[in-house]
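For reference, the structure is listed below as C-alpha cells.
Just so it is clear, the values below take in all heavy atoms, side chains as well, and ignore hydrogens, waters and symmetry mates. Just so it is clear, the structure is predicted and the values come from calculations on it, not from any experiment.
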Amino acid sequence: MATFTVRPASGRDCADILRLIKELARYEEMENRVNLTEKDLLEDGFGERSFYHCLLAEVPAEYATCEGHTIVGYAMYFYAYDAWIGKILYLEDFYVMEKFRGLGIGSEILKKISQTAVQDHCRSMHFVVADWNHRSINFYKKLGATDLSKKEGWSLFEIQKKHLVKMANEE
C-alpha cells in the first residue's frame, strides 16, 4: 500500500485525534494521564483561538483498520518563541499506528511539518522523546536532531493547574 494522504485536521476529526492520542499514551504506558475530551480538542484547536494545529494521515477505505478507522497517524504542533533564537515549531505529539509504520507515512508527516516550519520562518523544531524510546531517538538523530537534554543539560518542568491558581491568587 503506497496510497495515503496527509492533510490538516478539521473539527470533525476530533474523535480520531483523541483515539490516536490515547493509542500513543497506551504505547507510552501513560494512558491514565489523558484527560482531554473531544470537546477540549474542538474548542482548543478549531475554536476562536487555536492553541494547536494537527496533521492527519489517512488511508483509503479499502485499507481501513479492522475497526474501520482510516485516520492512521497524526502530528500535533504549535508555535512558540525562544528568547535566544526566535520562532520555533513545537511538535507536541507524533504517532503512526503500528500496522502502518514503514510505509513512509511518518516521513511524509515530518516533511509537511518541516515545510510548514520553513514557510513560517521558524528557526527550529523542538520536541520531547521518552528516554526509553531508542527507536524514535535513533530515527530523529538520523534526521539531524540534537538531544538538548544531553548537549545543553536542560530539564523539563511542569507547574500543575492547582499551583498556577495558587500563584495567580497570591497577593
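Salt bridge annotation for Glu170-Lys166: absent, with no cationic side-chain nitrogen under 4.0 angstrom from a carboxylate oxygen. Using a 4.0 Å cut-off between charged nitrogen and carboxylate oxygen, Arg7 and Glu58 count as a salt-bridge pair. In this structure, Glu23 does not pair ionically with Arg26, as no charged nitrogen and carboxylate oxygen lie closer than 4.0 Å.
The minimum heavy-atom distance between Val6 and Ile109, with the atom names listed, is CG2-CG1, 4.0 Å. In terms of heavy-atom proximity, Val96 sits nearest to Arg101 at O-NE, 2.7 Å. Ala57 and Ile105 make their closest contact through CB-CG2, 3.3 Å (heavy atoms, listed as atom of the first residue, atom of the second, distance). Shown here for Ile71 and Met97, the closest heavy-atom pair between the two residues is O-SD, 4.0 Å. Here the closest non-hydrogen pair linking Lys99 and Ala64 is NZ-O, 4.0 Å. Shortest non-hydrogen contact noted between Gly45 and Ser50 is O-OG, 2.9 Å.
Rounding to the nearest 0.5 angstrom, the gap separating the CD1 atom in Ile113 from the CE atom in Met76 is 11.0 Å. One distance of note links CD1 of Ile137 with CG of Asp131; it measures 6.5 Å at 0.5 Å rounding. If you take OG on Ser114 and CD on Gln119, they are separated by 11.0 Å, rounding to the nearest 0.5 Å. Taken from CH2 in Trp154 to CG in Leu148, the straight-line distance is 9.0 Å, to the nearest 0.5 Å. In this structure, the separation between OG1 on Thr116 and CE on Met125 is 10.5 Å, given to the nearest 0.5 Å. Taken from CZ in Arg19 to CG in Leu24, the straight-line distance is 12.5 Å, to the nearest 0.5 Å.
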Item to complete: Evaluate the criterion side chain to side chain contact (heavy atoms under 4.5 Å, CB included) for residue pair Asp16 and Leu56; output intermediate values, then yes/no.
Response: CA-CA 9 Å; Asp16 281 308; Leu56 299 176; 5.6 Å; no

Item to complete: For Asp13 and Leu41, run side chain to side chain contact (heavy atoms under 4.5 Å, CB included): C-alpha distance rounded to whole Å, both residues' side-chain angles, the deciding distance at 0.1 Å, then the answer.
Response: CA-CA 9 Å; Asp13 297 312; Leu41 288 168; over 6 Å; no

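Between the side chain of Asn169 and the main chain of Val165, a donor-acceptor pair closer than 3.5 Å is present. At distances below 3.5 Å, not a single donor-acceptor pair connects side-chain atoms of Ser149 with backbone N or O atoms of Gly153.
Side-chain atoms of Tyr77 and His53, non-hydrogen and from C-beta on, do get closer than 4.5 Å to each other. Residues Glu108 and Phe4 meet the side-chain proximity criterion, which asks for heavy atoms closer than 4.5 Å. Side-chain contact between Tyr74 and Cys54 is present, with at least one heavy-atom pair separated by less than 4.5 Å. Between Val128 and Tyr90 there is a side-chain heavy-atom pair separated by less than 4.5 Å. Within the 4.5 Å cutoff, side-chain heavy atoms of Phe139 are placed close to those of Leu110. With contacts defined as side-chain heavy-atom distances shorter than 4.5 Å, the pair Pro60/Thr3 qualifies. Annotation: side chain of Phe78 is not in contact with side chain of Leu89 (no heavy-atom distance under 4.5 Å). Side chains of Val129 and Asp147 form no contact here, defined as non-hydrogen atoms less than 4.5 Å apart.
Atom CH2 of Trp132 has more than 12 neighbouring heavy atoms from other residues, nucleotides or ligands inside a 6.0 Å radius. Atom CD1 of Ile159 is surrounded by 12 or fewer heavy atoms from other residues, nucleotides or ligands within 6.0 Å. Other residues, nucleotides and ligands contribute over 12 non-hydrogen atoms within 6.0 Å of the CD atom of Glu152. By the 6.0 Å contact criterion, NZ on Lys111 is open, its count of non-hydrogen atoms from other residues, nucleotides or ligands being 12 or less.
Judged purely by distance below 3.5 Å, without hydrogens or angles, the side chains of Asp44 and Tyr52 never pair a donor atom with an acceptor atom.
Following chains of ILVMFWY side-chain contacts shorter than 4.5 Å, one cannot reach Phe51 starting from Leu42, and the two form parts of different hydrophobic clusters. Cluster membership for Tyr27 and Phe100, using ILVMFWY side-chain heavy atoms within less than 4.5 angstrom, is shared. Clustering ILVMFWY residues whenever any of their side-chain heavy atoms sit less than 4.5 angstrom apart, transitively, puts Met30 in a cluster other than the one holding Leu36. Residue Trp84 is not grouped with residue Tyr81 when hydrophobic side chains (ILVMFWY) are merged at heavy-atom distances under 4.5 angstrom, including chains of intermediate members.
In this structure, Phe94 and Tyr140 have tilted ring planes: the angle between them lies in the 30° to 60° band.
Pairs engaging residues 120-130 under the side chain to side chain donor-acceptor pair (under 3.5 Å) rule: Tyr79-Asp120, Ser124-His126 [sequence neighbours left out].
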